[in-house]
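We're numbering straight along the sequence, starting at 1. Only this structure's heavy atoms are used, side chains among them; waters, hydrogens and symmetry mates stay out. These numbers were taken from a predicted model, which means no experiment stands behind them.
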Amino acid sequence: NMLINENAVKIKNESLAVSSDGEQDLEVMASSGVHLGSLRSHSHPKMKPYVWSGKNVFQIIDLQQSRDMLVKAIDFLITVKKKNGIILFVGTGLASKDIVKAVAQELDMPYVTERWLGGTLTNFLTIKRRIDYLKDLENQKKSGEFEKYTKYEVLKLEEKMTKLKKYLSGLLNLNKLPDAIWVSSGNYDKIAAVEANKKSIPVVGIINTNSNPAMFNYPIPANDIALSSVSFILNSVRDALINVKMEKELPIENNEEIKH
C-alpha cells in the first residue's frame, strides 16, 4: 500500500488539460498508459469500435475516443453535482482503491473500496439498516454507554464495528440511493454496474477492452489495472467537480408576482 500511495502522489496532478485541440491531453494519456488494453484473445466484441485495428497481442485503445468520452462523462457528472446529486464512487481493484477513496473524500461523496456487498443498491434498505446499526454502535461507544456491558460483550461489539466499518465506512452518509455511480473497472466492479442498471441509476466509469460497454451510460475506454491510467482519469474527474457549486433556485424576492 505504501508503494501505491507514493505512486499516487507522484501522478496526483496529471489530469485533463484545458487545451483547445486536446493534443496535450493525448500525450499525458499515452504516458499514463490509458491506451493499453487487455489481451486480444480476451477482447469483448462490443469494444471493437474503440480499439485500433491490428494484430497486437495487447489491444491498443483509441485515445482520441477515450478523451472525448471522458469529457462527456465529466459533463454528465457536473450536471449531477450541480443538482446536489450523490455520486457513489466504486473502486475495489488494487489500482483504484486508494485514489477512489481520496477523490470521493475530497468531493464529499460516498465510496466503496472493499468488496462490494451484494444488494448495496438492489436491497438498499437492508444495507441502510446495517449503516444505521454501525452509527448507533459508534454513538454508544462515544457516549460511554458501552460501560453497561461486560468486557466480553464490549469485545464482541467492537469486533462487529471493525467488520462493519471495513465495508460500510465509505457509505455512512448515504441516506438514499445515489443519483449516479462511478465504476472504476467494468471487470472488478461489474456487480456494482449490474445493480445500478437494475435500479436505473446512470453508470459512469472505466471500461477496458475485455468488458461489456453496454453496462455503462457513460463508458470511458481505458486501461483499468494501471495505477497511472486510473489516477489520470479520476484526477480529471476530481479537478472538474471540486469547485462545482449547486445551482440555486430563484430567490423568493425575485418572484414578486406570487406574493399576496
query: Should we count CG of Asn139 as having more than 12 external heavy atoms under 6.0 Å?
result: yes
query: Do you know the tightest heavy-atom contact between Val244 and Lys82?
result: CG1-CG, 3.6 Å
task: Ignoring hydrogens and angles, tell me if any N or O in the side chain of Ser66 forms a donor-acceptor pair with the backbone of Pro221 under 3.5 Å.
output: yes
- prompt: Is it the case that more than 12 heavy atoms not belonging to Ile131 sit under 6.0 Å from its CD1 atom?
  reply: yes
task: Apply the test side chain to side chain contact (heavy atoms under 4.5 Å, CB included) to residues Arg130 and Leu134: give CA-CA distance (whole Å), side-chain angles for both, the deciding distance (0.1 Å), then the verdict.
output: CA-CA 6 Å; Arg130 303 308 290 164; Leu134 174 57; over 6 Å; no
Close side-chain approach of Ile127 and Leu117, heavy atoms under 4.5 Å: yes
task: Hey, could you give me the CE/CD1 distance between Met215 and Ile191, rounded to the nearest 0.5 Å?
output: 10.5 Å
message: Within the 3.5 Å criterion, strictly below it, is a donor on Tyr149 or Gln140 matched to an acceptor on the partner's side chain?
response: yes
message: With a sphere of 6.0 Å drawn around NZ of Lys165, does it hold more than 12 non-hydrogen atoms of other residues, nucleotides or ligands?
response: no
Asp136 side chain to Asp132 backbone, donor-acceptor under 3.5 Å: no
query: Do you reckon Leu157 sits in the same ILVMFWY cluster as Leu168, going by side-chain contacts under 4.5 Å, direct or chained?
result: yes
query: If you round to the nearest 0.5 Å, how far is CG of Leu155 from OG1 of Thr150?
result: 9.5 Å
- prompt: Does atom NZ of Lys83 have more than 12 heavy-atom neighbours, drawn from other residues, nucleotides or ligands, at distances under 6.0 Å?
  reply: no
field: side chain to side chain contact (heavy atoms under 4.5 Å, CB included) between Val90 and Ser184, worked out
entry: CA-CA 6 Å; Val90 182; Ser184 299; 5.9 Å; no
- prompt: Out of curiosity, does Tyr188 fall in the hydrophobic cluster containing Leu94 (side-chain heavy atoms, cut-off under 4.5 Å, transitive links)?
  reply: no
- request: Output yes when a side-chain donor or acceptor of Lys128 lies under 3.5 Å from a complementary backbone atom of Asn175, and no otherwise.
  value: no
query: Is there a side-chain contact between Ile201 and Asp179, using heavy atoms and a 4.5 Å cut-off?
result: no
message: Less than 4.5 Å apart, side chain to side chain, heavy atoms only: is that true for Ile87 and Ile181?
response: no
- line: Between Val204 and the options Phe89, Trp182, Phe216, the side chain to side chain contact (heavy atoms under 4.5 Å, CB included) test singles out Trp182
- prompt: Just wondering, are more than 12 heavy atoms of other shown residues or ligands nearer than 6.0 Å to NZ in Lys166?
  reply: no
query: Which heavy atom of Thr122 sits nearest a heavy atom of Glu195, and at what distance?
result: N-OE1, 3.2 Å
Pairwise distance CE(Met161) to OG(Ser169) - rounded to 0.5 angstrom: 11.5 Å
Ion pair check, Lys72 and Asp68, cut-off under 4.0 Å: no
message: Hydrophobic clustering (ILVMFWY, side-chain heavy atoms < 4.5 Å, transitive) - are Ile242 and Ile99 grouped together?
response: yes
message: Taking Glu153 first and then Lys156, would you say they form a salt bridge - that is, a charged N and a carboxylate O separated by under 4.0 Å?
response: no
field: Residue pair Tyr218, Met69: steps toward the side chain to side chain contact (heavy atoms under 4.5 Å, CB included) verdict
entry: CA-CA 7 Å; Tyr218 295 89; Met69 293 168 86; over 6 Å; no
- request: Consider only side-chain heavy atoms of I, L, V, M, F, W and Y, link residues closer than 4.5 Å, and tell whether Ile225 and Val103 are in one cluster.
  value: no
message: Are the side chains of Lys245 and Lys81 in contact, using a 4.5 Å heavy-atom criterion?
response: no
Nearest non-hydrogen partners of Ile233 and Ala222, listed with the distance: CD1-CB, 3.4 Å
- prompt: Are the side chains of Leu177 and Lys199 in touch, meaning some heavy atoms are under 4.5 Å apart?
  reply: yes
message: Give me the atom names and distance for the closest heavy-atom approach of Val112 to Glu114.
response: CG1-O, 3.6 Å
- request: Identify the heavy atoms of Ser96 and Val230 that sit nearest to each other, and give their distance.
  value: CB-CG1, 3.8 Å
- prompt: Are any side-chain N or O atoms of Ser211 and backbone N or O atoms of Ile207, one a donor and one an acceptor, separated by less than 3.5 Å?
  reply: no
field: Criterion side chain to side chain contact (heavy atoms under 4.5 Å, CB included) against Ser229, the qualifying member of Asn223, Leu234, Asp224
entry: Asn223
message: What I'd like to find out is whether the side chain of Lys141 reaches to under 4.5 Å of the side chain of Glu158, using heavy atoms alone.
response: yes
query: Within the distance-only criterion (no hydrogens, no angle test), does the side chain of Ser231 pair as donor or acceptor with the backbone N or O of Ser228 below 3.5 angstrom?
result: no
field: Within one Ile-Leu-Val-Met-Phe-Trp-Tyr cluster: Val237 and Ile78, side-chain cutoff 4.5 Å
entry: yes
field: Distance-only donor-acceptor check, side chains Asn208 and Asn187, under 3.5 Å
entry: no
message: For Glu159, is the CD atom crowded, meaning more than 12 foreign heavy atoms sit under 6.0 Å from it?
response: yes
field: Thr120 side, atom OG1; Tyr167 side, atom OH - distance, nearest 0.5 Å
entry: 11.5 Å
CG-CG distance between Leu227 and Asp98, expressed to the nearest 0.5 angstrom: 8.0 Å
Close side-chain approach of Asn173 and Pro110, heavy atoms under 4.5 Å: no
- prompt: Do Pro178 and Leu121 have side-chain heavy atoms sitting under 4.5 Å apart?
  reply: yes
- prompt: Taking atom types as modelled, is there a side-chain donor on Asp189 or Thr92 under 3.5 Å from an acceptor on the other?
  reply: yes
field: Closest approach of Ala193 to Val203 (non-hydrogen atoms, all atoms of both residues)
entry: O-CG2, 4.0 Å
